[in-house]
Amino acid sequence: MTRLNLPKRYWIVILTFICTCVCYIERVGFSIAYTVAADGAGVNESSKGVILSTFYYGYACSQVPGGWAAQRIGGRKVLLLSFVLWSLTCFLVPLDPNQVTLLVFARLLVGVAQGFIFPSIHTVLAQWVPPHERSRSVSLTTSGMYLGAAMGMLILPSLVKFKGPQTVFVAEAILGVLWSLLWFQYASDPPRSEHPKATASGFGESLLPLKTNNTRTAKIPWKRILVSLPVWAIVVNNFTFHYALYVLMNWLPTYFEQGLQLSLQEMGSSKMMPYLNMFIFSNIGGVVADHLITKRICSVTRTRKVLNTIGFLVAAFALMALPLFRTSDGAVFCSSVALGFLALGRAGFAVNHMDIAPRYAGIVMGVSNTAGTLAGIVGVDLTGKLLEASKVAYSDLSSPESWRVVFCIPGLLCIFSSLVFLLFSSGERIFD
């Protein structure tokens, strides 16, 4: 890394990109591996939904504590510890659908560990990245989620088929340990000498954990954060984004296999296109946002609102149209449009944490990501119950009616959330 002579903040962004990529390989990998193992053990759809949603209970519990810990002791250290914890859990726990208690405990632990990651990342990026680079830096970092999901959808079904579901856990643990070693070796806190205008610009060493004269950490304005309408605009949109993402991530394989009677192995690389599209559109959104802001074409507030609205409204119509497509190409196209434009919308709400509260970006991210995690709990579990009811009503899951409600719910949420963001969001710094 040192031979390439890139600024240190670029390496920090690249490493956080790889971090999110590995995290989502793990999430998609568990969904794929557990589904195969559960099918072999005769587990029903409702029970699958419970196990798949268990991760999000742990994830929800650690979002705000993750932001608090990153604020107190530094995002760099918290990020390393959380990565080591979930990697070791994946390596040590067997994937056996019949050992329900052990599996629930393991998924809760992985959820808790990964819940510290995104608040820590936002804390680190707020320290390292200047305001005019934030949109594309956050978009690149979060696009790792989608590239990881795409890689998982492409590679892991074959790994499960030829080596068995347990090998997915081992592969994920190895990736986690390798990233931890890279982060330990190359990550650091930003020196003031590298960013002489950091304080005025709202980034750099000025955003590291502060100590007052009595050595106690500076007070976090919890009440102002929790009653702020711009914060709640972010929270609502984070909930909707993750409701749609987690429902598709956990149930799209089932839709392909049981709704369209397709085999994931036979679909080849086409099954990764929705997530690859997210990777592309996420980075397009970041570049466009930074261009609009730095060239003074639009204010920060207007830029966030325009990209968020376009992304969520297009995604809404694509989601509601998805059950109408009854071929592999049509379903892949429609789900790619939905997820791609959702990712574009992240250049609106997902960067907004650092616009309004650069010092407390990890805290605000923890609050909003708690809502996003609750969406995972509600969405994944509810979808399992809806599909189980559809089996009773329609005898199987091959009809469009079986899936209509599943995809209409996130579509309607997208429309509602885009209106909330238009009315209440802000691009101005409102927390010192």
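In what follows, residues are counted from 1 in the order of the sequence shown.
Here the CD1-CG distance, from I14 to L6, works out to 6.0 Å after rounding to the nearest 0.5 Å. A distance of 9.0 Å separates CH2 of W68 from CZ of F116, quoted to the nearest 0.5 Å. Taking SG from C414 and CG from N308, the interatomic distance works out to 9.5 Å, rounded to the nearest 0.5 Å. Atom CD1 of I430 is separated from atom CD1 of I356 by 4.5 Å, given to the nearest 0.5 angstrom. Atom NZ of K305 sits about 6.5 Å away from atom CG of L422, to the nearest 0.5 Å. Atom-to-atom distance recorded for L156:CG and K163:NZ is 14.5 Å, nearest 0.5 angstrom.
The shortest side-chain heavy-atom distance between Q258 and W251 does not fall under the 4.5 Å cut-off. The shortest side-chain heavy-atom distance between Y34 and R107 does not fall under the 4.5 Å cut-off. With contacts defined as side-chain heavy-atom distances shorter than 4.5 Å, the pair W128/K8 qualifies. Under the 4.5 Å side-chain criterion, counting only non-hydrogen atoms from C-beta, F169 is in contact with F30. A 4.5 Å side-chain heavy-atom check between R404 and M320 finds every atom pair outside the cut-off. In this structure, the side chains of F431 and R359 stay at 4.5 Å or more apart for every pair of heavy atoms. A heavy-atom distance below 4.5 Å is not found between the side chains of T167 and V160. Taking 4.5 Å as the limit, every side-chain heavy atom of V110 sits out of range of all side-chain heavy atoms of Y59.
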Test log, rule side-chain contact (heavy atoms from CB on, under 4.5 Å), inputs F341 and L313: CA-CA 8 Å; F341 275 87; L313 289 183; over 6 Å; no

W183 vs F83, ring-ring contact (aromatic ring centres under 6.0 Å, His included): CA-CA, chis, key distance, verdict: CA-CA 10 Å; W183 187 252; F83 232 84; 9.0 Å; no

Stepwise side-chain contact (heavy atoms from CB on, under 4.5 Å) check, V351 with R346: CA-CA 7 Å; V351 192; R346 285 188 68 92; over 6 Å; no

Criterion side-chain contact (heavy atoms from CB on, under 4.5 Å) on F279 and M145, from CA distance to verdict: CA-CA 8 Å; F279 170 75; M145 302 187 300; over 6 Å; no

Criterion side-chain contact (heavy atoms from CB on, under 4.5 Å) on L423 and L229, from CA distance to verdict: CA-CA 9 Å; L423 291 173; L229 288 178; over 6 Å; no

Evaluation steps, side-chain hydrogen bond (donor to acceptor under 3.5 Å, both in side chains), between N277 and S336: CA-CA 6 Å; N277 215 38; S336 296; 5.0 Å; no

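Side-chain contact annotation: S282 with S143, donor-acceptor N/O pair under 3.5 Å absent. Using modelled atom types, one finds no donor on one side chain facing an acceptor on the other under 3.5 Å when comparing K48 with T35. Side-chain atoms of S399 and S402 include a donor-acceptor pair closer than 3.5 Å. At a cut-off of 3.5 Å, with distance as the only test, no side-chain donor of H242 or T373 sits close to an acceptor on the other residue.
Checked against a 6.0 Å centroid threshold, the rings of Y146 and Y24 do not count as neighbours.
The aromatic rings of W403 and F407 sit parallel, their planes meeting at an angle under 30°, below the 60° perpendicular limit.
For S62 against G111, the heavy-atom pair with the smallest separation is OG-O, 3.7 Å. Shortest non-hydrogen contact noted between F118 and R27 is CE1-NH2, 3.9 Å. The two residues A60 and L374 have their closest heavy-atom pair at CB-CD2, 4.3 Å. The two residues P94 and L103 make their nearest non-hydrogen contact at O-CD1, 4.3 Å. The shortest non-hydrogen separation linking F349 to N238 is CE1-CA, 3.7 Å. Contact detail for L260 and A331: the closest heavy-atom pair is CD1-CB, 3.5 Å.
A distance-only check finds a donor-acceptor pair linking the side chain of N352 to the backbone of S426 [under 3.5 Å]. No donor-acceptor pair closer than 3.5 Å links the side chain of R429 to the backbone N or O of P358. Judged by distance alone, the side chain of T20 and the main-chain N or O of F17 form a donor-acceptor pair under 3.5 Å. Panel note: side chain T142, backbone S139; a donor-acceptor pair is recorded below 3.5 Å. Judged purely by atom type and a 3.5 angstrom limit, T240 has no side-chain atom pairing as donor or acceptor with the backbone of N237. A donor-acceptor pair under 3.5 Å is absent between the side-chain atoms of Q63 and the main chain of V367, judged by distance alone. The backbone N or O of I225 sits nowhere less than 3.5 Å from a side-chain atom of S228 that would complete a donor-acceptor pair.
In summary, of the residues considered (L95, T89, D96), a side chain to side chain contact (heavy atoms under 4.5 Å, CB included) with V93 occurs for T89 alone. Exactly one of L248, L413, V314, V406 qualifies for a side chain to side chain contact (heavy atoms under 4.5 Å, CB included) with L319. That residue is L248.
Cation-pi geometry between R76 and F184 is not satisfied (NZ or CZ under 6.0 Å from the ring centre, within 45° of the ring normal).
Taking 4.0 Å as the cut-off between side-chain N and carboxylate O, R134 and D355 do not count as a salt-bridged pair.
Remark: M151 CE is loosely packed, at most 12 non-hydrogen atoms of other residues, nucleotides or ligands lying under 6.0 Å away. The neighbour count for R326 CZ, taken as heavy atoms of other residues, nucleotides or ligands under 6.0 Å away, is above 12.
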